[in-house]
2 protein chains.
Amino acid sequence: MSDSATPSLHPSVICTVDVVLLTLRDTRLEVLLAQRDRAPFEGAWALPGGFVHPQEDADAAASATRVLREKTGLEAPYLEQLGTYSGLARDPRGWSIAVVYCALVPLEDLEQALHRRSTTRPSVARLHDAANLGRLPFDHDAMVAGAIERVRSKSQYSSLPVHLCGAEFTLPQLQRTYEAVLGEPLNKVSFRRKMEELNVLEPVEGAMQGGAAHRPAQLYRVREAYRQRLSMLERGL
Amino acid sequence: MSDSATPSLHPSVICTVDVVLLTLRDTRLEVLLAQRDRAPFEGAWALPGGFVHPQEDADAAASATRVLREKTGLEAPYLEQLGTYSGLARDPRGWSIAVVYCALVPLEDLEQALHRRSTTRPSVARLHDAANLGRLPFDHDAMVAGAIERVRSKSQYSSLPVHLCGAEFTLPQLQRTYEAVLGEPLNKVSFRRKMEELNVLEPVEGAMQGGAAHRPAQLYRVREAYRQRLSMLERGL
DNA sequence: ATAATAGTGTCTGTGAGACAATATGGA
DNA sequence: TCCATATTGTCTCACAGACACTATTAT
């Protein structure tokens with residue numbers, strides 16, 4: 001914070017935010033990519049991002065929220081800061097700083113938002129299989145890898161994956177979500193015991209059926225006390 | 001990354017790095033603070049930090065390393081990115097981004113470096129008890145709290161605290177380090193089992209004595225394969 | 001009734017902590 | 001020898017996963 005130059009002599013740092021939005025289709029993670037509408041890498045699929053707007057955004061998290069709203073119409077997704085990528089090498093325009101956020105959204109919410117959006121503007125954003133992204137511009141490959149790694153890691157001890165489910169869900173649905181994120185099958189009894197002790201869920205009166213030919217499962221939702229707080233937690237453990 | 005304005009129209013973002021350097025004196029964590037030599041908060045004790053120098057620094061981590069070298073003379077401490085604080089509210093000069101790094105250094109290394117430094121320049125940096133810092137300027141309180149929380153958290157499952165010990169140390173010394181960081185006593189047998197399975201340490205031939213009237217303890221050091229790698233790991237688990 | 005999945009009770013092995021015995025150097 | 005701490009062996013308890021049994025709905 002102490003330096004021989006004033007900030008106005010350092011206008012050459014490019015300040016941006018990028019968002020790794022993850023969602024789950026069946027058992028696969030998908031990442032939201034947007035087609036770039038200007039150089040560099042015009043036309044390429046890349047993470048949604050943009051410059052910080054100091055006049056408009058209270059902080060970088062607000063910039064990320066705004067970017068996501070502009071590209072998808074989503075209003076209040078789960079958002080968590082992943083980290084910051086910086087340096088001369090990552091952007092051909094010059095020395096830059098990119099604050100990266102990870103967003104988790106239920107597939108239905110995202111598709112609804114994108115569909116509403118497509119009625120007014122040409123859609124610029126689309127979901128891509130996280131396992132087959134090809135090469136992305138800038139250092140977006142590393143950002144995606146970091147986001148997936150972070151989500152996997154936190155899912156081992158927290159209730160993070162609930163953000164990939166809708167407002168109400170059954171325990172078997174949630175378990176399949178965990179299994180998809182972690183990439184391995186989980187023990188049913190242990191999973192239920194873990195959810196029980198986390199004490200984040202509460203049952204909703206009225207079982208779901210889905211017309212399936214078997215015993216219906218209890219619906220759950222996130223407790224009110226945790227609903228907002230989950231977004232605030234920075235590394236629960 | 002796509003925006004209606006060019007970066008040169010956004011010169012108002014102040015880009016800085018701040019470093020939370022932690023070390024251990026006996027059983028207490030201490031934080032390095034530097035006395036600010038200019039406004040805002042001139043004269044106040046604050047985290048060592050400074051503007052990013054795009055001409056000089058390859059990336060923000062290099063800025064942090066440079067800042068630490070300038071203030072302390074330390075050359076290659078363990079450094080890990082904590083996160084980024086941003087927004088209009090945190091700095092009276094305007095909308096700013098601070099990339100925060102956490103450094104872990106053995107007390108002896110730091111004191112040696114500071115002592116060497118004090119022979120050429122007036123010392124501007126000093127260690128302060130982490131538990132009694134008082135109020136720091138900017139959002140440095142939150143940064144310190146975040147750093148301590150991160151170190152505590154990672155110490156539960158990794159070998160992170162070895163960076164607070166010197167090149168060679170005994171298992172009882174390392175255990176006391178863990179206990180100081182975690183703030184709770186650890187089971188001796190479990191601790192040794194954990195260190196064994198992490199497989200990060202190797203014994204050094206020749207026991208330490210310290211002239212104590214009891215059985216000397218085996219000296220250990222970090223395995224060569226891990227010596228550099230530890231700094232690279234971003235969230236081991 | 002049967003199929004299919006939800007939900008629960010019980011057993012067992014693994015691993016962490018408690019306890020304690022042994023090892024070793026200095027006074 | 002005695003003291004203090006290092007190091008190692010063993011026991012026990014808690015918990016995670018395996019297994020299996022019961023519950024509930026649609027066909």
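Chain letters run A, B, ... following the sequence lines, proteins first, then strands; residues in each count from 1. What you see below is based on every heavy atom in this structure, not just the backbone, and it leaves out hydrogens, waters and symmetry mates.
- Between Q218(B) atom CD and dG25(C) atom C1' there is a gap of 15 Å when expressed in whole angstrom units.
- Rounded to the nearest 0.5 Å, atoms CG (L82(A)) and CD (E149(A)) are 11.0 Å apart.
- Side-chain N/O atoms of Q218(A) and Y220(A) include no donor and acceptor closer than 3.5 Å.
- Between the CZ atom of F191(B) and the P atom of dG17(C) there is a distance of 12 Å, rounded to whole Å.
- The residue among R176(B) and K194(A) whose nearest nucleotide of DNA chain D lies closer to the 5′ end is R176(B).
- Counting to the nearest Å, the P atom of dG25(C) and the CG atom of L219(B) are 14 Å from each other.
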Base-contact (B) and sugar-phosphate-only (S) positions in nucleotides 18-27 of chain D, heavy-atom cut-off under 4.0 Å, - elsewhere:
BB---BBBS-
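- Between E111(A) and R25(A) there is a salt bridge, with a side-chain nitrogen of the basic residue lying less than 4.0 Å from a carboxylate oxygen of the acidic one.
- The rotation axes computed at either terminus of the helix from dA1(C)-dT27(D) to dA27(C)-dT1(D) lie 10° apart, taking five pairs at each end and rounding to 10 degrees.
- Panel note: side chain D26(B), backbone R28(B); no donor-acceptor pair is recorded below 3.5 Å.
- Remark: P of dG17(C) and CD of E179(B) are 12 Å apart, rounded to the nearest angstrom.
- Following rounding to the nearest Å, E196(B) (CD) and dA6(D) (C1') show an atom-to-atom distance of 16 Å.
- What separates CZ of R192(B) from P of dA18(C) is a distance of 16 Å, to the nearest Å.
- One atom, CE of M195(A), and another, P of dA6(C), lie 16 Å apart when rounded to the nearest Å.
- Side-chain atoms of E80(A) and Y78(A) include a donor-acceptor pair closer than 3.5 Å.
- One N or O on the side chain of S86(B) and one on the backbone of A60(A) form a donor-acceptor pair closer than 3.5 Å.
- In summary, R66(B) and E70(B) engage in a salt bridge, as defined by a charged side-chain N under 4.0 Å from a carboxylate O.
- Taking atom CZ on F169(A) and atom P on dA6(C), their separation rounds to 15 Å, with Å as the unit.
- Screening residues 178-190 of chain A for side chain to side chain donor-acceptor pair (under 3.5 Å) gives Q175(A)-E179(A), N187(A)-S190(A) as the qualifying pairs, with residues at least two apart or on separate chains.
- Side chain of D141(A) to backbone of L136(A): a donor-acceptor contact under 3.5 angstrom is found.
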